[in-house]
Amino acid sequence: MESCGKETRPKDSSGERIILIGNPNVGKSVIFNYLTGKYVTVSNYPGTTVEVATGAMFTKGKKFQVVDTPGINSLIPTSEDEKVTRDILLQGPPAHLVQVIDAKNLRRGLLISLQLLEMGVPFVVVLNMWDEAKSRGIDINLRKLSEHLGMPVLKAVATRRKGLEKIKENLQPHVTSFPAITYPEAIEDGVSRILSFLPEPPISKRSLALMLLTGDESLAEWLHQNLPEEEISRIEKIRHEVQTRFRDPIGYLINQARLRKVDEILSRVKTSPEETPRTFSASLGNLAIHPFWGIPILLFILFLTYQFVGVFGAQISVDFLEETLFGEWLLPPLTGLIHRFIPIPILQELLVGPYGILTMALTYAIAIVLPIVGCFFIIFGLMEDSGYLPRLAVMSNKIFKRIGLNGKAVLPMVLGLGCDTMATMTTRILDTEKDRTIVTLLLALGVPCSAQLGVILGMFSGLPIFYLLAWIFLIALILLMVGYLAARLLPGEGSDFILELPPLRVPKISNIVVKTLARIEWYLKEAVPLFILGTLFLFILHQTKALALLEQISTPLIVHFLGLPAKATEAFIIGFLRRDYGAAGLFMLAREGLLDPRQILVSLVTITLFIPCIAQFFMMIKERGLKKTLWISAVIFPIAFGAGGLLNFLLRFLGL
Amino acid sequence: MRWGGGREIEEERIDEILELIWTLRERGITDLDQLLEEGKDLEAKSILRVMIRDDLFDVEDNRVILKERGEEKAREIIRRHRLTERLLSEIFELSEEVVEQEACKLEHILSPGVTESVCTFLGHPPTCIHGKPIPRGECCAKFKKEMKPLVIPLEELGLGEEGRIVFITPRSHQRLDRLSALGIVPGSILRMHQRNPSYVLQIGETTLALDGEVVRDIYVKKVKD
C-alpha cells in the first residue's frame with residue numbers, strides 16, 4: 001500500500017533528490033561541496049548549516065538534486081533547524097538518503113539510523129572521520145553493521161575526499177525489511193490505535209504514529225493539512241491515555257528503547273580501547289575551557305585578532321590601499337582621464353567629486369573596508385575551523401545566564417562580529433523564540449559586524465588604549481543592561497544550555513582560503529551596490545543643497561547633544577544603509593583631523609549602537625516578523641543617541 | 001459478626017493508644033494519669049487492661065513502659081501515620097486538616113508492603129511534616145546500606161570519574177527528550193570532565209557542555225575503575 005502511494009507522486013523536474021542527513025558537525029556540508037562542486041560554509045562547530053542548500057550533481061548521465069540539511073540529534077525536533085530537516089523527510093517525492101555519521105560517535109548516529117529504518121526509507125550510511133576514529137583505536141566492522149541495518153555502509157574521510165566517490169554507486173533504491181523495535185506494550189497499543197487515523201504519509205505510518213505519540217508539536221502544521229480536526233483531537237486523546245500509564249514522557253521511553261537497540265548493535269560491530277590516548281589537541285581543547293587557563297587563552301586570541309585586524313588590516317593595509325594605491329596610483333590618473341574625456345561637470349562630480357562613486361563609494365568599500373573585513377574573515381575562519389567557538393560558549397555561559405540567555409547564544413553573537421545579517425539567521429540554533437528574539441535585538445543594537453569593527457579598531461589604534469577599553473566596556477554594559485531588561489520583559493521561557501564541543505582540530509588552509517574568498521565575494525556583491533547607492537543618495541542631497549539643510553536640522557542632535565562636527569551627519573545618514581559605511585565616514589573624518597579623541601569615542605559608541613544595515617533589517621523581518629523588527633528598531637534609535645549624548649556630557653563633565 | 005466488628009474497633013483503639021504513648025514519650029511524658037487524661041477514652045481503662053494482658057506494655061510506679069511487642073507495633077503505626085501525612089501533603093498537596101483526617105484512617109489499614117513502597121517513593125524521608133522523626137523501616141536500612149553510597153547526584157561525581165546514569169528526574173519533558181537524543185539515558189556512562197565555568201561531560205566520544213540546572217536532574221552510580 002505504501003509503495004502505491006509513493007509511486008503516484010509526481011517526479012521533481014530538477015532530478016531525483018539526494019538528501020544529506022545526520023548529527024550536527026559530522027561533515028554533511030563537506031560532502032555536499034564534494035558532490036555538487038558548489039561551496040557552502042564548512043566549519044568545526046555544530047549548527048553551521050541553518051538553511052537547506054541545494055545543488056546539482058551529475059553521475060552516470062543522470063542529474064540529481066543534492067540537499068544539504070541542518071544537523072539533527074533526533075527526528076523529533078527540539079529546535080527550528082532540526083524541524084527544517086525533519087520536514088524535508090515529510091515532503092515527497094521520495095529521495096535517496098545519505099546519512100552521515102561521525103565514526104567516533106557511532107552510537108548517536110545509529111539512534112538516527114534506527115529512526116530512518118522505522119520510517120521505511122532507504123539510505124546509505126557514510127562513516128565519516130574514519131581517520132579520527134582509527135587514531136583513537138575505535139574499530140567498526142562495516143560488513144556486520146551493514147548486515148544489521150540492511151543498508152550499505154561506507155567509510156570516508158570527507159575533508160580529504162576519501163571514500164566519497166562510492167556514495168554515488170550506493171544510492172540504494174529499495175527498502176529492506178528491518179525487525180522493528182518493540183516499545184512498551186502501552187505505547188505499541190497507542191501506535192496501533194493511531195495508525196487507523198493516519199493518511200498515507202511519505203514515510204511509514206508506524207514512525208509517524210510514534211512521532212505523534214511523543215507529542216511532537218512541530219507536526220501540528222502537517223497534521224492540520226492532512227487530517228480533519230476531530231481525528232486530530234482523537235489522536236491527542238490517545239496520546240494522553242498512553243502517557244498516563246507512565247511516569248516518564250513517552251518520547252523519552254521511546255528513545256530509551258531505541259538506545260537499547262543501538263547498544264545491542266554496537267556491542268556486535270564496534271570495539272574501542274579501554275583508555276583513549278591523550279593527544280595534544282585534546283589537552284589544548286581542555287585548557288581552552290579550563291576555569292583558569294581558559295581566560296589567558298581567550299585574551300591571547302583577542303590580542304592576536306586585534307594585532308591582525310586592527311593593526312595589520314586597518315593600519316598597514318588601509319594605508320597602502322587608500323593612500324598609495326587609490327590616492328597616488330589610481331585616482332589621480334583616472335581623475336585626469338575623466339576630466340579630459342567627460343567634459344560634463346555633473347558627471348565628473350558624480351564619478352570623482354567629494355561624493356563621487358570612485359572617490360567615495362569604491363574607495364570606502366575597497367580601500368578601507370575590504371582589507372579590514374578580509375583580515376577579520378581569515379581570523380574568524382580560523383576560529384570556526386579550529387573548534388574554538390563552542391569553547392567560547394562554555395567560558396561565557398555564566399555571563400549570558402545573567403541576561404536570561406545561555407552560552408549557546410555566544411555563537412550567533414560572535415558570528416555577528418562577522419556579519420550581523422548571517423548571525424540573525426543563525427539565531428535558529430537557539431531553542432526558544434524568546435532566546436532568538438533577545439539575541440536578534442542585541443545583534444541589531446550593539447554587535448558591530450566585521451566591517452564596522454575593523455573600521456572602529458582602525459580608529460582606536462591611533463588613540464591611547466583607554467579609549468578602546470572604554471568603548472568595549474560601554475557597549476558590553478549596554479548590551480548586558482538591554483539583555484537583562486529584555487529577558488524580564490519578554491514573555492516566554494529561556495532554554496537549557498546543552499552544547500556539543502567538537503574536538504579541536506588544526507584548520508585546513510585550503511578551507512580557510514575558500515571560505516574567506518567566498519565571504520569576500522559575498523561582501524563585494526552585498527555591500528558595494530549599497531555603498532554606491534548611499535553615495536548617490538549623498539550626491540543628490542549635496543547637489544540639491546539638501547545636505548546642508550539636513551546638517552542644519554540635525555545640528556541640535558549631532559552638534560549640541562553629541563558634540564560632533566556637523567559633517568558627521570553624513571556618516572549617520574549613510575549609516576542608515578550600512579553601519580560600516582557610516583563608520584567608514586567617521587574614519588575619514590578622523591583621518592582628516594576633524595574629530596578629537598572624545599568625539600571619536602562618542603561617535604563610535606553611537607554608530608555601534610546605530611540601527612542595523614538594510615540587509616540585516618530584511619533578515620530580521622524574515623526571521624522575526626515585521627512587528628518585532630519595528631519594535632526592535634524603535635528601541636534601538638533612542639538607545640543609540642541617548643547613550644552617545646550621555647557619554648558626551650559625562651566626558652565633558654570629567655574634563656576629558 | 002458483631003464479635004469480628006468489635007474486635008476491629010478494639011484493634012483500632014489499641015493502635016490509637018499505642019500512638020498516644022509513643023507521642024507522649026517523644027514529649028518526655030510517661031505518666032499513666034496524663035495518658036488517661038489525654039486519651040479521653042471512657043473505655044480506656046478496660047482497653048489498657050487488654051493491652052497489658054496482650055503484653056504490649058507494663059505500668060511501673062504509675063509510669064507506662066512499652067514492652068517489645070508494643071514498641072514494635074507503636075513504631076509501625078507511627079511510621080504509617082507520618083509517611084501518609086507526607087504523601088498526602090507533599091504529593092497530593094491536600095490541606096493540613098484533610099491530611100490529618102485521612103492519615104488517622106489510613107494508618108490502620110496500610111499493609112507493610114505498601115508502607116515500604118510509599119517510603120521508597122518519598123525517598124525515605126527522615127521526618128514528618130511537623131518535623132517529628134519517622135521511625136525507620138527495613139527499606140530505609142536497605143537504602144542506607146546499598147543505595148546511599150552508590151547513587152549520587154551527578155554534580156557530586158569527582159573530576160575524571162565515571163558514573164552510570166541511574167535515573168533522571170523529569171523536570172521538563174523537553175529537557176528529557178533532548179538529553180535522550182544525545183544518548184543521556186539511564187544506563188549510559190558519563191565522565192565528569194569539569195565543573196566550572198560550565199559543566200563539561202564526556203559521553204562516548206561526545207563532549208557536552210551543560211548548565212548546572214540540567215546536571216542537577218541526573219543521578220549516577222559511580223563506575224569502579
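In what follows, every chain begins at residue 1, and chains take the letters A, B, ... in the order their sequences are listed.
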What residues, two or more places apart in sequence or in another chain, satisfy salt bridge (charged side-chain N to carboxylate O under 4.0 Å, His left out) together with B:Arg25? B:Glu71

With sequence neighbours left out, what residues match A:Asp139 under salt bridge (charged side-chain N to carboxylate O under 4.0 Å, His left out)? none

By a 4.5 Å heavy-atom criterion (distance strictly below it), what part of A:Gln115 contacts chain B: side chain, backbone, both, or neither? neither

So which part of A:Lys104 gets closer than 4.5 Å to some heavy atom of chain B, the side chain, the backbone, both or neither? both

Expected contact set for residues 496-503 of chain A against chain B at heavy-atom separation under 4.5 Å reads A:Asp496, A:Phe497, A:Ile498, A:Leu499, A:Glu500, A:Leu501

Heavy atoms of other groups near [X] [atom1], more than 12 under 6.0 Å:
{"X": "A:Lys270", "atom1": "NZ", "value": "yes"}
{"X": "B:Glu156", "atom1": "CD", "value": "yes"}
{"X": "A:Lys155", "atom1": "NZ", "value": "no"}
{"X": "B:Glu68", "atom1": "CD", "value": "no"}

For [X] and [Y], which heavy atoms make the closest approach, and how far apart are they?
{"X": "B:Asn196", "Y": "A:Pro291", "result": "O-CD, 3.2 Å"}
{"X": "A:Arg107", "Y": "B:Gly183", "result": "NH1-O, 3.2 Å"}
{"X": "B:Ser198", "Y": "A:Asn397", "result": "OG-CB, 3.3 Å"}
{"X": "A:Lys398", "Y": "B:Pro197", "result": "CE-O, 3.5 Å"}

Any salt bridge linking A:Arg108 with B:Glu205? Criterion: basic side-chain nitrogen under 4.0 Å from a carboxylate oxygen. no

Report the distance from atom CD1 of A:Ile289 to atom NE2 of B:His193, rounding to the nearest 0.5 Å. 5.5 Å

Is a donor on one side and an acceptor on the other found under 3.5 Å between the side chain of A:Asn105 and the backbone of B:Thr206? yes

Quick one: do the B:Asp211 and A:Asn406 side chains pair a donor with an acceptor below 3.5 Å? no

Atom pairs and distances, donor-acceptor, side-chain atoms in residues 250-257 of chain A, under 3.5 Å, two or more places apart:
from: A:Asn255; atom 1: ND2; to: B:Ser180; atom 2: OG; distance (Å): 2.8

